[in-house]
Participant: 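Just passing along the structure, written as structure tokens.
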Amino acid sequence: MAGTEPIHINTRIRENAGNLAGALEQHLLKSFAPDARKQLRLFSAGEAADLLGISPSFLRKLHFEERVPEVQTSAGGRRSYSADDLLTIRRILEDNSRTTGTYLKGRREGDKVQVLSFLNFKGGSGKTTSSIHAAQRLALKGYRVLAVDIDPQASLTSLFGFQPEYDFLHSGSIYDAIRYEEPLPFSEIIQETYFPGLHLAPGGLILQEFEHETPTALRNNIQPAFYARMAAALQEVEDRYDVIIFDCPPQLGYLTMSALCASTGILITVVPNMLDVASMSQFLQMSADLLDVVSNAGARMEFDFLRFLINRYEPQDGPQQQVVAFLRNLFGSEVMVAPMLKSTAISDAGLTQQTIYEVERSAFHRSTYDRAIESLNAVNDEIEALMQQAWGR
């Protein structure tokens, strides 16, 4: 019996890659026109009041007294608010407020931009979920936000309704702003999103090139060095934003280090089981060793805060409770008070490339949705409080 032909793995993988890329392109062209973009849902009066930081009765009073523009209203008199409506009302409230920054809580003169990195080098620890929900919640609360996707897998970019393998395969990603040869101005790669006040610097597979090119750039002493390139690129646009959020790749490479060296705050996501905690232990040790190296090379190492964000938490799970208690005992106040719950609402929303802030409450069992949104709001409001504290407020 003749033996089967040996498989040349490089050839076979290239064939598979080509076939898949072609099939994906055809699928995307059929199901999602290249110029189509996602749209954000409307918000109820209760949600609008919560985001504005006022009571529903005060919001009704504002409409009754015609102090704010009228919004879409159903036949039964229920008001629905777009994110643009919220921004308009927020500005009116701020203009009429006795205290500056009551309704627009972003940067004031002298405040530095807050740059937050969500990281862990273990996949599935919830970095992208955490970073996109933080970016969206802060934008809905009136902050000017830039989300930066430095993960070659580009999940964050996909969640914003872009197709990285179609839209940014060869150009237009964050890579173009930090590459070593003729980098583009950062402003040229920024994309507007369907969230007012929230912009995106897209990721894509080409970001892998930065990892491959950096050793050669170091040998040739190309400046700025890898650890300073992100911060240098961001300087062009940072005045436009209150907060910049990095979704980092699940490895401790040059991209992650460049984001860390541009950051003012670090959020390390951790799933509360001992395997993940053991993995995080290695991650922290490796991070410290590498940060020592770049610090000695002249990188800035001052951060406003570092926090561990408990992710995918199941309050009824006894072993998880023990791990969380272990972490709180070890790291004290560096473990965030609010954990992000494991929720079918969050994972089910992800199946349709949406976040919990985008889906309608009616799409889920009410209590499931409410638990998820309460958990996310608590996490993101704690992040907001850390930013405010860094600004001395």
Participant: Side chains of Thr128 and Asp151: do they bring a donor and an acceptor to under 3.5 Å?
Facilitator: no

Participant: Mind checking ring pair (Phe, Tyr, Trp, His ring centres under 6.0 Å) for Tyr180 and listing every partner two or more places apart, or none if nothing turns up?
Facilitator: Phe210

Participant: Who are the salt bridge (Lys or Arg N to Asp or Glu O under 4.0 Å) partners of Lys105, not counting sequence neighbours?
Facilitator: none

Participant: Does a donor on one side chain sit under 3.5 Å from an acceptor on the other, for Thr216 and Arg219?
Facilitator: yes

Participant: Less than 4.5 Å apart, side chain to side chain, heavy atoms only: is that true for Ile245 and Leu146?
Facilitator: no

Participant: For residues Val323 and Val277, determine if any side-chain heavy atom of one lies less than 4.5 Å from a side-chain heavy atom of the other.
Facilitator: yes

Participant: Just verifying a value: how many Å separate Asp50 CG and Leu59 CG, rounded to the nearest 0.5 Å?
Facilitator: 11.5 Å

Participant: Could you walk me through whether Thr355 and Gln136 pass the side-chain hydrogen bond (donor to acceptor under 3.5 Å, both in side chains) test, one step at a time?
Facilitator: CA-CA 9 Å; Thr355 67; Gln136 291 180 347; 2.6 Å; yes

Participant: Taking all non-hydrogen atoms of both residues, which atom of Leu309 and which atom of Ser130 are closest, and how far apart?
Facilitator: CD2-OG, 3.7 Å

Participant: Compare all side-chain heavy atoms of Leu205 with those of Pro164 and state whether any distance is below 4.5 angstrom.
Facilitator: no

Participant: For Tyr241, check ring pair (Phe, Tyr, Trp, His ring centres under 6.0 Å) against everything at least two apart and list the hits.
Facilitator: His199

Participant: Is there a donor in the side chain of Asp149 and an acceptor in the side chain of Thr157, or the other way round, less than 3.5 Å apart?
Facilitator: yes

Participant: Is any side-chain heavy atom of Gln208 closer than 4.5 Å to a side-chain heavy atom of Leu255?
Facilitator: no

Participant: Please name the pair of heavy atoms, one in Ile310 and one in Leu327, separated by the smallest distance, quoted to 0.1 Å.
Facilitator: CD1-CD1, 3.7 Å

Participant: Going by the rule side chain to side chain contact (heavy atoms under 4.5 Å, CB included), which residues pair with Ser171 if we only count those two or more places apart in sequence or in a different chain?
Facilitator: Asp176

Participant: Listed by chain and number, what are the salt bridge (Lys or Arg N to Asp or Glu O under 4.0 Å) partners of Arg91, not counting sequence neighbours?
Facilitator: none

Participant: Hey, could you give me each pair passing salt bridge (Lys or Arg N to Asp or Glu O under 4.0 Å) that has a residue in residues 379-393? Not counting sequence neighbours.
Facilitator: Asp111-Arg393, Arg137-Asp381, Lys141-Asp381, Lys141-Glu384

Participant: Is any side-chain N of the basic residue among Glu181 and Arg179 closer than 4.0 Å to the acidic one's carboxylate O?
Facilitator: no

Participant: Decide whether Tyr194 and Glu358 meet the rule of one side-chain donor and one side-chain acceptor closer than 3.5 Å.
Facilitator: yes

Participant: Side chains of Arg307 and Ile383: closer than 4.5 Å at any heavy-atom pair?
Facilitator: no

Participant: If we count only N and O atoms by modelled type, under 3.5 Å, do the side chains of Ser187 and Glu236 hold a donor and an acceptor together?
Facilitator: yes

Participant: Run the ring pair (Phe, Tyr, Trp, His ring centres under 6.0 Å) test against Phe226 and tell me which residues pass, sequence neighbours left out.
Facilitator: Tyr254

Participant: Under 3.5 Å, is there a donor-acceptor pair between the Ser97 and Thr99 side chains?
Facilitator: no

Participant: Could you list the residues that satisfy side chain to side chain contact (heavy atoms under 4.5 Å, CB included) with Pro224, not counting sequence neighbours?
Facilitator: Ala228, Arg229, Ala232

Participant: Does a side-chain N-to-carboxylate-O contact under 4.0 Å join Glu94 and Arg90?
Facilitator: no

Participant: Can you name the residues that form a salt bridge (Lys or Arg N to Asp or Glu O under 4.0 Å) with Asp85, not counting sequence neighbours?
Facilitator: none

Participant: Within the structure provided, determine whether Arg78 and Ser44 are in side-chain contact (heavy-atom separation under 4.5 Å).
Facilitator: no

Participant: Evaluate the side-chain hydrogen bond (donor to acceptor under 3.5 Å, both in side chains) criterion for residues Asp304 and Gln114: first the C-alpha distance (whole Å), next the side-chain angles of each, then the deciding distance (0.1 Å), finally the verdict.
Facilitator: CA-CA 9 Å; Asp304 292 326; Gln114 288 294 302; 3.3 Å; yes

Participant: How would you list, by chain and number, every residue that makes a ring pair (Phe, Tyr, Trp, His ring centres under 6.0 Å) with Tyr313, sequence neighbours excluded?
Facilitator: none

Participant: Flag yes if more than 12 heavy atoms outside Glu334 fall under 6.0 Å of its CD atom; otherwise flag no.
Facilitator: yes

Participant: Ignoring hydrogens and angles, state whether a donor on the side chain of Tyr357 or Asn377 is under 3.5 Å from an acceptor on the partner side chain.
Facilitator: yes

Participant: For atom CD of Glu314, decide whether the heavy atoms of other residues, nucleotides or ligands shown that lie under 6.0 angstrom number more than 12.
Facilitator: yes

Participant: Considering only heavy atoms from C-beta outward, does the side chain of Ser343 approach that of Arg371 to under 4.5 Å?
Facilitator: no

Participant: With the threshold set at 4.0 Å, does a side-chain nitrogen-carboxylate oxygen contact exist between Asp247 and Lys127?
Facilitator: no

Participant: Restricting to side-chain hydrogen bond (donor to acceptor under 3.5 Å, both in side chains), what partner residues turn up for Tyr369, sequence neighbours left out?
Facilitator: Arg41

Participant: Looking at Leu330, Ile268, Ile266, which one forms a side chain to side chain contact (heavy atoms under 4.5 Å, CB included) with Phe308?
Facilitator: Ile268

Participant: Examine the side chains of Tyr175 and Glu213 and answer whether a donor and an acceptor come within less than 3.5 Å of each other.
Facilitator: yes

Participant: Can you confirm whether Glu66 is buried at CD, in the sense that more than 12 heavy atoms of other residues, nucleotides or ligands lie under 6.0 Å from that atom?
Facilitator: no

Participant: Quick one: salt bridge (Lys or Arg N to Asp or Glu O under 4.0 Å) partners of Asp84, sequence neighbours excluded?
Facilitator: none

Participant: Just wondering, do Leu198 and Tyr143 contact through their side chains at under 4.5 Å, heavy atoms?
Facilitator: no

Participant: Kindly check if the number of other-residue, nucleotide or ligand heavy atoms within 6.0 Å of CD (Glu188) is above 12?
Facilitator: yes

Participant: How many angstroms lie between CG in Leu87 and OH in Tyr81, if you round to the nearest 0.5 Å?
Facilitator: 15.0 Å

Participant: Any link between Phe364 and Leu40 through a network of hydrophobic side chains (Ile, Leu, Val, Met, Phe, Trp, Tyr) touching at under 4.5 Å?
Facilitator: yes

Participant: Report the distance from atom CG of Leu138 to atom CG of Asn380, rounding to the nearest 0.5 Å.
Facilitator: 6.5 Å

Participant: Taking Phe326 as the starting point, is it possible to reach Val337 by hopping between hydrophobic residues whose side chains are less than 4.5 Å apart?
Facilitator: no

Participant: Distance check, rounded to the nearest 0.5 Å: Ile346 atom CD1 versus His133 atom NE2?
Facilitator: 5.5 Å

